[in-house]
Amino acid sequence: MGRLIAMSINKTVEDLIARSNRLGADKRNTNFAGGNTSAKGTETDPVTGEDVHLLWVKGSGGDLGTLKAQNLAVLRLDRLQALKNVYPGVEREDEMVAAFDYCLHGKGGAAPSIDTAMHGLVDAAHVDHLHPDSGIAIATAADGEALTAKIFGDKVVWVPWRRPGFQLGLDIAAIKDANPQAVGTILGGHGITAWGATSEEAEANSLWIIEQAEQYIARNGKAEPFGPKLPGYAPLAEAERRAKAAALAPVIRALASADKPQVGHFSDDPAVLEFLEAAEHPRLGALGTSCPDHFLRTKVKPLILNLPADASIEDSVARLKELHAAYREDYQAYYDRHADADSPALRGADPAIVLVPGVGMFSYGANKQTARVAGEFYLNAINVMRGAEAISTYAPIDEAEKFRIEYWALEEAKLARMPKPKSHATRIALVTGAASGIGKAIATRLAAEGACVVIADLNLENAQAVAAELGGPDVAVGVQADVTNEAQVAAAIDEAVLAFGGLDLVVNNAGLSISKPLLETTEKDWDLQHNVMAKGSFLVAKAAAKVMIEQGLGGDIIYISSKNSVFAGPNNIAYSATKADQAHQVRLLAAELGEYGIRVNGINPDGVVRGSGIFAGGWGAKRAAVYGVDEEKLGEYYAQRTLLKREVLPEHVANAAAVLTSNELSHTTGLHIPVDAGVAAAFLR
């Protein structure tokens, strides 16, 4: 505990975190979770009371832009440097990662990364290792070594490609010792490393290398580094572009999920569209990425649709399927060329990046953040290729080295340490009427179980507020939708597939109620309730089913019906009739959509008063009047008329939705689950 307190007030650590956050905030300097920074300093050893020399370095998996003290690995510098005496050589250097555990100070903080040796062995108080686009452009240029000397003189030294590890740390340490005038290196095929006697000096040297590379490329680069524009490959107008992206997204997600389900991200960044419009994009795309962080996220190369921007949806889909089959064969051959008896098993042969000329980039991962970051990494790769081609020829590391990184035993061990996925991981849900009450509770529960959630509601501001509350765009987005309007429903579904790549789960929850006896129920009352709940559920289910069928991944449609769908309560003709309509839609759609693996089930709540938008909107007062109780006592009244004598809350309905859409009930469809604490008159027969 004392060490952790000391860490939080240690000036060396404070400066390191501040420097890291500044560098990581600018994606020109390094990509998300890429690169690492370190500082050497002293603290009081709580055992001996004497000063101990330590290394603080960004731990495995951390991100510079959001780095905190707990994300640092803390090692005894003397013990780390003593590892040079037991280093078994480059053929066994992976063993050194386990040796780092014997160098930890106290509990050691975060797990040390493979780059720890670089930071500990280089004789400088502060070291930065970054992946700037401009630096990698020099590092991947065919004549990168000559360019390094030309751009930086003797202040930056070229280091030929070497896989990250202990030997690279020794190499850079030796280069610094032999070149006292140098402030850093260009790591061939990889990135940059810089150092300084102070935190300020290290940061200044890192930024100087990045800026010098940027300025050289800007001054000396070709006007069209990707070649001339291809006729017919210009970006579509924004509305047309996004409409085509939404139409293709379910099919592309299906292709990217052939081995295992993936979440998607769409980007029509101008740099992506510019790249796909240029003549050299097929050649450059086939060469793949180079920086280890890049192709670990993006795979060695993308799948690129080789059709012009105005190709029809039908032609694009047919060609994408052909290209996907070829991509899988090519990836299997790549694995077979380089795998040996000790290699990890093939992790999947589907692309992580799919590029569509005139439209943009689709990127995929196990969750939204991973998918988004994969796209950001490929955007980095495009910038790298632009810079390298502007002043030279792009020449990434060779295929065998890419395989060694992608199927590294240490990377496999890191993947094995990942927590077990939650029940709804990779699932994309849309919940209507989700800004309050039952809908909000369901959305909250699904997000907690790992789903990406689209909060659809009449009130956009409220929907966006709930999405922010659930974690923001990597977890949830808010959209406006009047479920009685087919165009608005279609737009909401499009927003869902553009936000997360597709759609797996829909909850028809939007509703309202007007409590009146037959003779007081107007035609307007009747139409409003049937339009929102019966027609609205039909429109949402129809649009969602189209996406689910195109994806071929199955899916779930849930109807929040009511015990009133089977119970003849007083003064409730319009509401109960429309709930019966919804209940039968469940049966009809379960029968029709089963062949596509789409399950359709219903939930029959009763008496959900607390947190309910319906009850707060006047329904509660009217039902209380019907039953002759005070409105604030309505929940208690409903509870007492049940078999279990328990009040039903929105969270209880959410529990049922989570279970119905989990693998626990994978063989259940056409079912209605009562969540009413036991209303005998509403028992299903």
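Hydrogens, waters and symmetry mates play no part in the numbers below; they use all other heavy atoms, side chains included. Given the structure is predicted, the values throughout are model-derived calculations rather than measurements.
- For the side chain to side chain donor-acceptor pair (under 3.5 Å) test, residues two or more places apart in sequence or in another chain that qualify with T522 are D525.
- Note that CZ of R347 and NZ of K260 are 8.5 Å apart. Values are rounded to the nearest 0.5 Å.
- For residues 449-467, the set of pairs meeting the salt bridge (Lys or Arg N to Asp or Glu O under 4.0 Å) definition, not counting sequence neighbours, comprises R445-E449.
- Remark: the Q582 side chain and the S537 side chain contain an N/O donor-acceptor pair separated by less than 3.5 Å.
- Sequence neighbours left out, the pairs with a member in residues 554-582 that pass salt bridge (Lys or Arg N to Asp or Glu O under 4.0 Å) are R427-D556, D556-R599, K563-D606.
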Under the side-chain contact (heavy atoms from CB on, under 4.5 Å) criterion, do Y378 and R297 qualify, and how do the steps go?
CA-CA 9 Å; Y378 199 77; R297 301 274 191 159; over 6 Å; no

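- Considering every non-hydrogen atom in both M548 and I557, the closest pair reads CE-CG1, 4.2 Å.
- Shown here for V675 and A656, the closest heavy-atom pair between the two residues is CG2-CB, 3.8 Å.
- Every pair passing salt bridge (Lys or Arg N to Asp or Glu O under 4.0 Å) that includes a residue from residues 464-480 is listed here, sequence neighbours excluded: R372-D474, K440-E469.
- Pairs engaging residues 235-248 under the salt bridge (Lys or Arg N to Asp or Glu O under 4.0 Å) rule: R241-D268 [sequence neighbours left out].
- Partners of L660 by side chain to side chain contact (heavy atoms under 4.5 Å, CB included), not counting sequence neighbours, listed by chain and number: I558, N601, I603, L665, L671, I673.
- At least one donor-acceptor pair closer than 3.5 Å links the side chain of D350 to the backbone N or O of A258.
- Scored by the ring-ring contact (aromatic ring centres under 6.0 Å, His included) test, F377 finds H294 as partners (sequence neighbours excluded).
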Quick one, L379 with K27, criterion side-chain contact (heavy atoms from CB on, under 4.5 Å). Give me CA distance, side-chain angles, the key distance, then yes/no.
CA-CA 11 Å; L379 183 57; K27 297 308 177 189; over 6 Å; no

Hey, can you pull the donor-acceptor pairs under 3.5 Å for the side chains in residues 589-596, sequence neighbours left out?
none

Take N604 and L684, measure what side-chain contact (heavy atoms from CB on, under 4.5 Å) needs, and give me the verdict at the end.
CA-CA 10 Å; N604 289 350; L684 298 173; 4.1 Å; yes

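- Of all heavy-atom pairs between G439 and V431, the closest is O-CG1, 3.7 Å.
- Counting only distance, with no hydrogens or angles, the side chain of S363 and the backbone of V373 share no donor-acceptor pair below 3.5 Å.
- Heavy atoms of other residues, nucleotides or ligands lying less than 6.0 angstrom from CD of E322 number more than 12.
- Around the NZ atom of K633, the shell of radius 6.0 Å holds no more than 12 heavy atoms that belong to other residues, nucleotides or ligands.
- The side chain to side chain donor-acceptor pair (under 3.5 Å) search around N485 returns none, not counting sequence neighbours.
- Scored by the side chain to side chain donor-acceptor pair (under 3.5 Å) test, H265 finds K368 as partners (sequence neighbours excluded).
- In the displayed structure, E486 atom CD is contacted under 6.0 Å by at most 12 heavy atoms of other residues, nucleotides or ligands.
- Scanning all heavy atoms of the two residues, the minimum distance from Y327 to K299 falls at OH-CB, 4.0 Å.
- Partners of R646 by side chain to side chain donor-acceptor pair (under 3.5 Å), not counting sequence neighbours: none found.
- Looking at residues two or more places apart in sequence or on another chain, you find a side chain to side chain contact (heavy atoms under 4.5 Å, CB included) between A249 and F362, V497.
- A371 approaches G264 most closely through the heavy-atom pair CB-C, 4.0 Å.
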